Amino acid sequence: MIARPHRCKIGNMKRMTGRQSFRWLHAVALLVAVPPVAIHAQAPAAAEAGFTTYVGTVERRLSEEHQADRTFLAGTSLSRAKHGELVIEKLMPDKDADPPGAMLHDWRGTAFAPGATPEAFERLMRNFSAYPRVYAPQVMGVGVAAREGEQYKITMRVVQKHVFTVVMDTAYHVTFGRRDPTHGWSASRSTKIREIENSGTDKERALGPKEEHGFLWRMNTYWTYEARDGGLYLQIESVSLTRAIPPGLGWAVRPFVESVPRESLEFTLRKTCEALEQQSGNWAGRQ
């Protein structure tokens, strides 16, 4: 019998001191207060081009990794994941890779869901109407605009709550693929992201290109999964594009801005593990 690992956990996460928290709050308040037109609320063409170039390299790497069993799941984190750890890694080399006027974020998470199967994972991923329940409170609503074979066009309203709350309407092109019965992947590529003001009220409206704050310009998400060892190994890689930090605020704002995509990826992977483990009956009684 294969021993079941403990519930996925994150270790050694540092907490901010009161002074650090205050400095971040102050810096983020300044960031939000800066007139959007002065900081390119709409993604500059160079930033879009930089994102497209970067995700091209990511997708080529993933395509190569998916060709063989020994490279299908990247990194050396599988052993840690097998023992119940949710492993989060930053893949971007350094800030010098950022395109002009923007910041690139590339994070990968790895986990193991005991008892889960590729079929269960695919059912979960394709059941878009269940996302508001599975991924609450970040996902508020999902709609399927079109489907053609293994490709979907979906719309999604999401909310991010950190120091402040941001609501966005997003659109994605989602593709699923299988190499064989035990190996599969999916890719979710953003096609539109709009920031929403006064969400849920009679004053709700989508901000115009010159009004948006540039919290999120683009985001692609790539899942890779493999069935073995009595369960399902999951990897999720998220590549996102946000506006650059105004000069003079990087010392405090950059750590906060970088924490948002990491925390969002961690949230998505954890919620997926929970949903799969509940389905397979391995959740009850785990610590």
Side-chain angles (χ1 to χ4, degrees), residues 8 43 45-82 85-100 102-113 118 121-122 125 149-152 154 170 172-191 193 216-229 232-242 257-270 272-273:
C8 292
E48 290 277 2
F51 179 84
T52 300
T53 298
Y54 186 80
V55 299
T57 64
V58 169
E59 293 187 2
R60 284 192 294 273
R61 167 174 55 79
L62 289 170
S63 179
E64 292 174 0
E65 291 171 352
H66 292 164
Q67 298 305 309
D69 288 356
R70 62 181 181 82
T71 60
F72 195 82
L73 291 171
T76 59
S77 55
L78 299 186
S79 176
R80 293 162 61 190
K82 176 64 183 301
E85 184 177 353
L86 192 156
V87 184
I88 305 294
E89 306 167 277
K90 183 179 180 180
L91 300 185
M92 282 292 294
D94 53 50
K95 65 180 182 181
D96 294 333
D98 292 336
M103 293 176 62
L104 276 168
H105 312 270
D106 188 354
W107 292 87
R108 180 172 64 210
T110 305
F112 179 72
F121 177 77
E122 290 177 2
M125 290 293 100
E150 298 300 294
Q151 301 185 41
Y152 298 76
I154 69 168
T170 62
Y172 292 92
H173 183 191
V174 184
T175 303
F176 294 90
R178 276 277 197 106
R179 200 191 76 180
D180 55 44
T182 60
H183 298 81
W185 62 82
S186 72
S188 177
R189 302 175 179 91
S190 64
T191 57
I193 296 178
L216 182 65
W217 282 330
R218 296 281 299 278
M219 185 170 75
N220 288 10
T221 302
Y222 306 93
W223 284 99
T224 301
Y225 50 98
E226 178 180 357
R228 59 185 169 93
D229 298 335
L232 197 66
Y233 287 96
L234 299 170
Q235 279 192 338
I236 177 174
E237 183 170 349
S238 174
V239 182
S240 56
L241 180 75
T242 65
V257 172
E258 290 184 339
S259 74
V260 174
R262 173 193 172 120
E263 291 173 6
S264 179
L265 178 142
E266 177 190 331
F267 173 87
T268 301
L269 185 55
R270 186 183 298 279
T272 302
C273 280

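This one's a predicted model, so the numbers in the text were calculated from it and none came from an experiment.
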Distance, nearest 0.5 Å, that separates [atom1] of [X] from [atom2] of [Y]:
X    : Y    : atom1 : atom2 : value
I88  : E263 : CD1   : CD    : 10.5 Å
M103 : L241 : CE    : CG    : 10.0 Å
L234 : L73  : CG    : CG    : 8.5 Å
H173 : R189 : NE2   : CZ    : 7.5 Å
T110 : R80  : OG1   : CZ    : 9.0 Å
E226 : D180 : CD    : CG    : 8.5 Å

Nearest atoms (heavy-atom pairs only) where [X] meets [Y]:
X    : Y    : answer
S240 : P261 : OG-CB, 3.9 Å
S188 : V174 : OG-CG2, 3.8 Å
E237 : L62  : OE1-CD2, 4.1 Å
A111 : C273 : CB-SG, 3.4 Å
T52  : R218 : OG1-NH1, 4.3 Å
G50  : P99  : CA-CB, 4.0 Å

Tell me if a side-chain donor or acceptor on [X] pairs with a main-chain N or O of [Y] at a distance below 3.5 Å.
X    : Y    : result
S63  : E59  : no
T71  : E65  : yes
T272 : T268 : yes
T57  : Y54  : yes
D98  : L104 : yes

Partner set under side-chain hydrogen bond (donor to acceptor under 3.5 Å, both in side chains) for E122, not counting sequence neighbours
R178, Y225
Side-chain contact, heavy-atom cut-off 4.5 Å: [X] with [Y]?
X    : Y    : value
F112 : Y233 : yes
T182 : R228 : no
L91  : R61  : yes
H105 : S238 : no
Y222 : V58  : yes
S190 : L216 : no

Those residues that, when tested against R179, pass salt bridge (Lys or Arg N to Asp or Glu O under 4.0 Å) (two or more places apart)
D69
Would you say the rings of F51 and W217 are close, in the sense that their centroids are separated by under 6.0 Å?
no
Aromatic ring pairing F72/H183, orientation class (parallel under 30°, perpendicular over 60°, tilted between)
perpendicular
For ring pair (Phe, Tyr, Trp, His ring centres under 6.0 Å), just list the numbers for Y172 and Y152, CA-CA rounded to whole Å, side-chain angles, deciding distance to a tenth of an Å, and then say yes or no.
CA-CA 8 Å; Y172 292 92; Y152 298 76; over 10 Å; no
